[in-house]
Amino acid sequence: MSQTDKRVTEEEALLLHASGRPGKLEITATKPLTTQRDLALAYSPGVAVPCLRIHEDPATAYDYTAKGNIVAVISNGTAVLGLGDLGALASKPVMEGKAVLFKRFADVDGIDLEVSTTDVDEFVNCVRFLGPSFGGINLEDIKAPDCFIIEERLRELLDIPVFHDDQHGTAIIAAAGLINALELTGRAMKDAKVVVNGAGAAGIACVELFKSLGLPHDNVILCDTKGVIWQGRTEGMNQWKSAHAVRTDARSLADAVKGADVFVGLSVKGAMTPEMVKSMAAKPIVFALANPDPEITPEEVKSVRADAIVATGRSDYPNQVNNVLGFPYIFRGALDVRATTINEAMKIAAAQALAGLAREDVPDEVDAAYAGRRLRYGPEYIIPVPFDPRLITRIPAAVAQAAMDSGVARKPIIDMTGYRHALRARLDPTADSLQLIFEKVRANPRRVVFAEGEEERSIRAALAFRAAGYGTPVLIGREDVVRERIAALGLPTDAPLEIHNARLSDANRRYTDYLYRRLQRRGFLERDCQRMVNQDRNTFASLMVAQGDADAMVTGLTRSFAPSYEEISRVFSPQPGGRVFGLSVVVTRHRTVFISDTTVNERPTPEELADIAIQTAAKARQMGHEPRVALLSFSNYGQPMRERAQHVRDAVAILDRRGVDFEYDGEMTADVALDHDLMRRLYPFARLSGPANVLIMPALHAANIGAKLLQKMAGGQVIGPLLIGLDKPAQIVSMGASVADIVNTAVLAAHDALQG
């Protein structure tokens with residue numbers, strides 16, 4: 001096995017592929033097939049109707065079949081990874097893997113097809129006649145120059161995107177890295193001197209894309225195993241190499257790299273030496289992309305040129321040029337506008353979008369996915385990493401826009417903002433639930449106080465909140481400390497942030513008087529109130545909101561929920577006639593469930609349970625869900641009837657008397673509440689018209705445990721716990737909250753402020 005990555009053994013790789021159901025793919029139906037009627041609609045006789053419609057108008061195949069989301073991953077196995085000509089069958093694990101990546105990163109359905117021929121005409125005809133089945137064709141692991149001929153002919157014959165990823169995918173990611181490496185070293189594309197070693201599919205594609213980005217023809221030297229490709233050379237030439245021949249006296253790679261700004265290797269281990277790197281220009285850029293072993297290792301480069309920027313194709317070094325950053329998202333954008341091809345404009349758009357993303361602040365969850373390594377734009381982070389969740393919104397949108405602008409889109413996107421939201425929702429189930437709320441806040445920006453203003457995550461969240469247009473973030477802390485931490489994060493030190501030092505605030509006296517009036521009959525002296533205003537950021541932040549100097553607040557990073565809530569509740573009161581409680585929203589790909597009370601009331605009375613049910617139902621509606629409320633217990637309608645189930649039954653009776661305007665029922669167990677078929681079968685008298693989406697728990701411990709179990713076992717995401725029922729908007733995040741969590745919570749607090 002030529003792969004040198006010690007993290008993966010042969011045994012582990014074989015075990016993964018052979019365990020359970022062999023391979024990496026399965027087909028899942030998207031429509032129900034549980035009844036005879038389902039079968040009649042999905043197959044005979046119902047299937048005849050869309051067949052006839054498609055016969056009348058072939059374009060409707062995109063409406064009535066999965067064609068528009070299926071990409072064929074096709075190979076003949078003549079250039080499998082770095083392993084050579086293994087044949088079609090042996091390439092199947094790679095093609096299955098590619099299909100898995102399509103699904104995981106862009107929700108594109110990939111179907112692997114292995115074509116057992118090395119004859120170009122046979123291959124082209126096979127794919128050509130299968131073309132109507134797919135929305136796009138991803139060619140893979142086909143040797144050069146056959147790959148050039150096959151792609152060119154298929155693009156002429158088919159009206160769907162045909163993309164040889166070994167060529168263009170590598171070129172796009174390398175181009176993104178090059179854009180940023182040139183910027184970091186103070187160079188411009190039009191002035192750079194570039195050497196590309198390797199004149200196969202990827203090497204030639206890189207040269208062509210670099211030129212499309214502004215690199216002059218005479219500024220790039222292409223080399224192959226016989227040396228420099230110069231004008232007049234005849235040995236080992238073909239039409240694709242000849243297009244990039246230049247006038248030069250250099251004949252070897254060593255000659256070519258002298259004084260060069262950039263080396264891009266798509267060749268073999270050892271092709272580049274430390275001596276060659278030493279001969280390059282100041283601040284050299286070295287992309288050693290041979291796999292599994294680069295032309296030269298980053299350690300070897302740094303040993304002779306500490307000022308170099310280095311990228312490889314390997315995941316165990318910084319700046320990995322990984323094609324998964326490109327092909328899933330490029331096809332996503334192309335499919336969504338029903339593009340007839342993937343053209344140069346779309347490739348450039350993808351490269352520029354990737355380069356731009358690398359310059360932005362990286363979310364915490366991305367750092368966590370990379371062993372907590374702090375990723376920050378600079379020499380060791382010039383390309384985004386594969387598990388960055390922002391890729392799904394940035395790259396497809398850029399590609400789709402370029403397709404529309406260049407005239408190859410058959411289904412233009414009218415609302416690009418809505419499209420970006422839809423993209424995020426494909427992989428992030430919380431996105432759909434939050435979209436309308438976020439848009440409403442963006443249209444009505446609020447002032448939100450970030451109480452722990454000196455904390456790194458709080459600062460980054462505040463900057464992200466402002467950048468997204470949600471309003472004005474207000475940080476509580478010492479300005480010099482906040483500015484120092486912004487600088488340490490590598491973020492702009494002149495960022496327009498409002499920072500309040502509690503001790504120095506002009507509002508200090510006013511806040512103290514207000515707090516003393518609230519607390520003087522609860523055992524607090526005036527000096528106690530003054531101390532809290534001066535020293536406790538939660539108190540100061542709460543007072544800003546209470547006194548109308550801000551609209552909402554968020555805290556929780558440095559203290560657990562209980563003490564944070566205690567400090568906030570000294571300033572805020574429950575809403576008139578309402579209860580204060582914690583609401584966790586668990587979101588999976590298939591459902592959203594609201595769970596109360598997960599933080600405040602340890603053992604609610606029947607009256608409190610009824611109030612919590614009413615307020616939770618209202619919040620569910622506010623977030624776009626029609627509530628179906630289940631009041632949970634270990635008992636179903638009195639079986640078994642025990643004392644601890646009685647207070648839940650009593651809460652249902654209270655709701656009966658109040659005549660509420662939402663569906664509710666109980667007492668019932670969680671499995672019955674969430675499985676409507678089971679509910680109808682066992683309890684046909686049950687009132688709910690579908691599975692419950694609001695679960696009112698009988699006690700705090702059950703609510704807290706249940707929410708966290710659902711999150712972990714169902715693979716869901718949790719919004720909250722949200723603090724419901726205070727007279728002013730305030731939210732408490734968990735101490736381990738990510739920057740994204742804090743921003744989401746701040747937006748929800750701002751939305752609460754909009755509600756009155």
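Side chains included, hydrogens not; waters and symmetry mates left out as well; all remaining heavy atoms used. Residues take their numbers from the sequence shown, with the count starting at 1. In this text the structure is predicted, and so the values were computed from the model without any measurement.
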Legend entry - Sequence-distant partners of Lys728, side chain to side chain donor-acceptor pair (under 3.5 Å), two or more places apart: none
Legend entry - With sequence neighbours excluded, residues passing side chain to side chain donor-acceptor pair (under 3.5 Å) with Arg332: Asn69, Asp336
Inset, instruction - Evaluate the ring planes of His500 and Phe540, with Trp represented by its six-membered ring, and classify them as parallel (under 30°), tilted (30 to 60°) or perpendicular (over 60°). - result: tilted
Are any of the side-chain nitrogens in [X] or [Y] under 4.0 Å away from the carboxylate oxygens of its partner?
| X | Y | result |
| --- | --- | --- |
| Arg509 | Asp513 | yes |
| Asp388 | Arg390 | yes |
| Glu360 | Arg394 | yes |
| Asp661 | Arg621 | yes |
| Arg687 | Glu663 | no |
| Arg522 | Asp528 | no |

Please give me the minimum heavy-atom distance between [X] and [Y], naming the atom from each residue.
| X | Y | result |
| --- | --- | --- |
| His647 | Pro698 | NE2-O, 3.2 Å |
| Pro473 | Ala462 | CG-O, 3.3 Å |
| Leu391 | Pro386 | CD1-O, 3.6 Å |
| Arg537 | Ile476 | CG-CG2, 3.7 Å |
| Val554 | Ala746 | CG1-CB, 4.3 Å |
| Thr393 | Arg420 | CG2-O, 3.5 Å |

Report yes or no: do [X] and [Y] form a side-chain donor-acceptor pair below 3.5 Å?
| X | Y | value |
| --- | --- | --- |
| Gln615 | Asp611 | no |
| Thr558 | Glu455 | no |
| Arg446 | Thr472 | no |
| Glu567 | Thr539 | no |
| Asn534 | Tyr511 | no |
| Glu452 | Asn538 | no |
| Arg503 | Asn508 | no |

Measure from the side-chain N and O atoms of [X] to the backbone N and O of [Y], and report whether any donor-acceptor pair falls under 3.5 Å.
| X | Y | value |
| --- | --- | --- |
| Arg457 | Ala737 | yes |
| Arg447 | Asp549 | yes |
| Asp415 | Gly418 | yes |
| Glu454 | Arg478 | yes |
| Asn636 | Thr669 | yes |
| Asn180 | Ile382 | yes |
| Glu566 | Pro563 | no |
| Asp727 | Ser573 | yes |
| Ser505 | Asn501 | no |
| Asp741 | Ser738 | yes |

Legend entry - Stepwise side chain to side chain donor-acceptor pair (under 3.5 Å) test for Arg376 and Tyr381: CA-CA 6 Å; Arg376 186 183 306 161; Tyr381 178 67; over 6 Å; no
Nearest 0.5 Å please: distance from the [atom1] atom of [X] over to the [atom2] atom of [Y].
| X | Y | atom1 | atom2 | result |
| --- | --- | --- | --- | --- |
| Met668 | Leu674 | CE | CG | 10.0 Å |
| Asn444 | Tyr470 | CG | OH | 13.5 Å |
| Glu456 | Leu557 | CD | CG | 10.5 Å |

Inset, instruction - List the steps, then state whether side chain to side chain contact (heavy atoms under 4.5 Å, CB included) holds for Val449 with Asp551. - result: CA-CA 8 Å; Val449 185; Asp551 299 304; over 6 Å; no
Legend entry - Any residue meeting salt bridge (Lys or Arg N to Asp or Glu O under 4.0 Å) with Arg628, in chain and number order, not counting sequence neighbours: none
Legend entry - Asp506 atom CG, neighbour heavy-atom count above 12 within 6.0 Å: no
Inset, instruction - Could you walk me through whether Thr616 and Ser596 pass side chain to side chain donor-acceptor pair (under 3.5 Å), step by step? - result: CA-CA 7 Å; Thr616 306; Ser596 297; 2.9 Å; yes
Inset, instruction - I would like to know whether Arg460 and Asp361 meet salt bridge (charged side-chain N to carboxylate O under 4.0 Å, His left out); could you show each step before the answer? - result: CA-CA 8 Å; Arg460 292 170 57 208; Asp361 186 37; 3.0 Å; yes
